[in-house]
Amino acid sequence: MSTEYGADQIQILEGLEAVRKRPGMYIGSTSSRGLHHLVYEIVDNSVDEALAGFCHNIVVTINKGDSVTVTDDGRGIPVGINTKAGLPAVEVVFTVLHAGGKFGGGGYKVSGGLHGVGASVVNALSEWLIVEICHEGKVYQQKYERGKVVERLTVVDTCEPEKTGTKVTFLPDKEIFEETVFDFDTLKQRLREMAFLTKNIRIVLRDERSEEEIKEKVFHYEGGIREFVTYLNRGKTPLYEDTIYCEGMRDGVYVEVAMQHNDSYTEGSYSFVNNITTPEGGTHLTGFKNALTKTFNDYARANKLIKDSDQNLAGDDIREGLTAIISIKIEEPQFEGQTKQKLGNSEARGAVEGVVTDQLTVYLEQHPQVAKIIIEKSVMSQRAREAARKARDLTRRKSALDGLSLPGKLADCSDKDPSKCEIYIVEGDSAGGSAKTARSRATQAILPLRGKILNVEKARLDRIYGNAEIKAMITAFGTGIHEDFDISKLRYHKIIIMTDADVDGAHIATLLLTFLYRFMPELIKQGYVYLAQPPLFKLERNKKVWYAYSDEQLQSILDEVGRDQNNKIQRYKGLGEMDAEQLWETTMDPAKRILKKVTMDEAQSSEIDLIFTTLMGDQVEPRREFIEENAKNVKNLDV
């Protein structure tokens, strides 16, 4: 491992000019997601120091005013003059795009920040940024505004001679970002993931914005990804005690895999390269799946756990209920695109496949009971999948004969242009009746649901295909489901979940979102799913009517009109209490309604999976903890 990290290890590729004009190219968007990405870019640099063996502590602080400080005890960004640029190396890092110790200059063996745009992009998109570096008993400081140097690198203090590290403080630019308020929980999820992926690193997240309370979370996991699997499985029941762990070096690729099956029916395999999540997988994930399928089939046949005449277990069957982390470290990762969604290195597939095959084969031979449990679950999954296939084929044949008949309870719209059409999924026949009367028949379709749909978190495919309400949605959407899913056949570009504004309504909405997330995630990814926001209150005073969609809005209306006996306040218990005119005016009129688009950050898919499992799984304790932790966000109403 190279320990050289001097000024000349900073390699310059090109200038920094287009970032402020096209920030989305570098951080994905200028929304809340892009805002938080700024923090991840700076933290990634500190984690790279940890991967190189030189950093053990990282502290991320949200300051008053929503600036952020990231401090680490790594080697510190070099302060010497970079001979190619004639500038201090730290200035090159923060002002030149594609400059850093990650381009063959010998600074890093492996790095998550492959493209070297992190520090300079954060600088370019910040109103101001200050970097401080401890080096050889001195504290160096440089200040920037919107990517430009405003103070040259100077010595501002002294520090202990042996102390090293970097401290970066920045304020996101309001001219660039739609919002500049950081969310503690969003940062918490990503930093926890980083700590799991880097053994023994200690990451602290502090929120100092409140006068009343400083929030702090510490993430430190000696077990690394084994503890990650345990964390993700906490809302499920593991089928065996061990976390199966494989680790090794093959063809210059360091491979680390941890996995454990649980009693659920969904797979959760998460892949990472140099601690960067790869939501679309890639060659390392392919190698893992190949190894798993081959090893379990070979073991099952050798030990007569499946008959010679039976077909092989499919990979999907073996991975049912599996939680797995696939993490590799590679010197020159090749990603598809700047956002690093998918790995392309061919050597990664062979490395992962080889390490997992060898070590999993040994593990199964030494733990025959665990092997039997997994294979028995896989066989049950295979049977259920076959039953689901037959049910699906029967549906296809019926559809062909019937001319793709739509559900009888669907009140369809007359326009056939999907971009103009929307479908309301409505709770109950009563609300469905009002919605059918209220709607704009040209563009708004109504599909009422009777009761609560099946909880797909606790069901296999055969039961899902047999559920009448789910079948009605699948047919109405037109896309098919699972491997048959084809988004080009989507009949409505707005799928609007409209449920009562009470606990039961929230539960039904969550059941529907669970189904869409597990079996039609592309609908959410491409922005076709929405939640309707019916009013919570109707305020009538002197024959005038106001609707309030939140407790705060009601209070604001009361402040404006006055608080006395002339006020008649109705708390809506459900959509059925509104007549068609009220429902249109408050919830369905495109000119007045409030819709919330359902979005997902694929970079945090493990946390999204965990939330669905916590809310919809069998385990009560994690759900109770989740409710207690989030109960503080529920505000009391005082009218």
With P521 via side chain to side chain contact (heavy atoms under 4.5 Å, CB included) - residues at least two apart: K525
Do [X] and [Y] pair up side chain to side chain, a donor and an acceptor below 3.5 Å, judged on atom types alone?
| X | Y | result |
| --- | --- | --- |
| T278 | S271 | yes |
| E91 | Q142 | yes |
| Y517 | D609 | yes |

Over-ring placement of K494 relative to Y530, 6.0 Å and 45° cut-offs: yes
Pair [X] + [Y]: basic N to acidic O under 4.0 Å:
| X | Y | value |
| --- | --- | --- |
| R75 | E49 | yes |
| K64 | E211 | yes |
| E175 | R20 | yes |
| K342 | E280 | no |
| E607 | R190 | no |

Ring centroid separation Y144 to F94 under 6.0 Å: yes
Ring-ring centroid check Y547 F537, cutoff 6.0 Å: no
Trace of the side-chain contact (heavy atoms from CB on, under 4.5 Å) decision for L187 with I62: CA-CA 10 Å; L187 292 175; I62 312 173; 3.7 Å; yes
side-chain contact (heavy atoms from CB on, under 4.5 Å) between R593 and Q533, worked out: CA-CA 7 Å; R593 70 188 178 187; Q533 298 295 295; over 6 Å; no
